[in-house]
Amino acid sequence: MNDLAYPVGRYQRPGSLTPEQRLAAFEVLAAAPARLRAAVNGLNDAQLDTPYRPGGWTVRQVVHHVPDSHVNAFIRTKLALTEDNPTIKPYDQDAWSTLEDARSTPIDVSLALLDAVHDRWMRILRAMSPADFARTIMHPENGPMTMDDVLAMYDWHSRHHVAHVVGLRERSGWV
């Protein structure tokens, strides 16, 4: 049976990536904004306000969550490259999903934000050396994370949330 919460499987922390794995992750991240935009293309307000699974976020909340999360990842990348093992601040994604902006902002605003942050983030990621990918951040909940871990997590995160929307569309006949 297809797992509606984890349609691409649960995230598995790699520890380190090969150069080929990094390039594959770059491709996923670079394409993520367009893939999310395509996944929600043509959905009406009622469809956007439909949870992707029972008890899950609405499609609208997912669309607003992805740039929230990726902006944090972009900042964490910059911190890792400019500080020695910085402790980053986690955030309560479920609480953020209930704020007014997640309920009332047109999704095009968040899709544009995702385009912009990915443009800047990809410029940094593509310029990083292998040693840069070994740099770490300290996550209070997850412990030390290398930049390879962060890259792999957001490769997964991008695919994960697009699959939520695409899966809902398929199950609902909205394709």
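Just the heavy atoms: all of them, side chains too, but no hydrogens, waters or symmetry mates, feed the values below. We count residues from 1, following the sequence as given.
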Interatomic distance, [X] atom [atom1] to [Y] atom [atom2] [nearest 0.5 angstrom]:
X: Thr87; Y: Ile137; atom1: OG1; atom2: CD1; value: 9.5 Å
X: Ile88; Y: His139; atom1: CD1; atom2: NE2; value: 4.0 Å
X: Arg53; Y: Arg171; atom1: CZ; atom2: CZ; value: 10.5 Å
X: His64; Y: Leu114; atom1: NE2; atom2: CG; value: 12.0 Å

[Y] side chain reached by [X] side chain, heavy atoms, under 4.5 Å:
X: Phe133; Y: Leu151; value: yes
X: Tyr154; Y: Thr77; value: no
X: Arg76; Y: Pro86; value: no
X: His118; Y: Leu29; value: yes
X: Gln93; Y: Asp68; value: no
X: Leu111; Y: Pro33; value: no
X: Asp45; Y: Arg60; value: yes
X: Leu36; Y: His161; value: no

Atom of [X], atom of [Y] and distance for their closest heavy-atom approach:
X: Asp149; Y: Tyr11; result: O-OH, 3.0 Å
X: Phe26; Y: Leu125; result: CZ-O, 3.4 Å
X: Met145; Y: Val150; result: CE-CG2, 4.2 Å
X: Asn142; Y: Met153; result: ND2-CE, 4.3 Å
X: Ala39; Y: Val166; result: CB-CG2, 3.9 Å
X: Arg135; Y: Leu81; result: NE-CA, 3.8 Å

Same cluster or not: [X] versus [Y], using hydrophobic residues (I, L, V, M, F, W, Y) connected whenever any side-chain heavy atoms lie under 4.5 Å apart?
X: Ile75; Y: Trp121; value: yes
X: Met122; Y: Leu23; value: yes
X: Val109; Y: Leu48; value: no
X: Ile107; Y: Leu99; value: no
X: Val28; Y: Val165; value: no

Side-chain donor-acceptor contact under 3.5 Å, Ser16 with Asp148: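 Result is no, nothing qualifies.
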
Under 3.5 Å side-chain donor-acceptor pair for His65 and His157: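 Indeed, the side chains of His65 and His157 share at least one donor-acceptor pair under 3.5 Å.
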
Greater than 12 external heavy atoms within 6.0 Å of [X]'s [atom1]:
X: Arg120; atom1: CZ; value: no
X: Asp84; atom1: CG; value: no
X: Gln12; atom1: CD; value: no

Does [X] reach the main-chain N or O of [Y] with its side chain, forming a donor-acceptor pair under 3.5 Å?
X: Thr50; Y: Ala46; result: yes
X: His164; Y: Ala5; result: yes
X: Gln47; Y: Asn44; result: yes
X: Asn41; Y: Ala38; result: no
X: Ser172; Y: Arg169; result: no

Residues Tyr52, Val62; criterion side chain to side chain contact (heavy atoms under 4.5 Å, CB included); working and verdict: CA-CA 9 Å; Tyr52 69 87; Val62 169; 3.8 Å; yes

Aromatic plane relationship, Tyr91 with Trp96 - under 30° parallel, 30 to 60° tilted, over 60° perpendicular: tilted

Steps toward side chain to side chain donor-acceptor pair (under 3.5 Å) verdict (Asp49, Thr58): CA-CA 5 Å; Asp49 291 329; Thr58 66; 4.7 Å; no

Arg37 bridged to Asp115 by N-O distance under 4.0 Å: yes

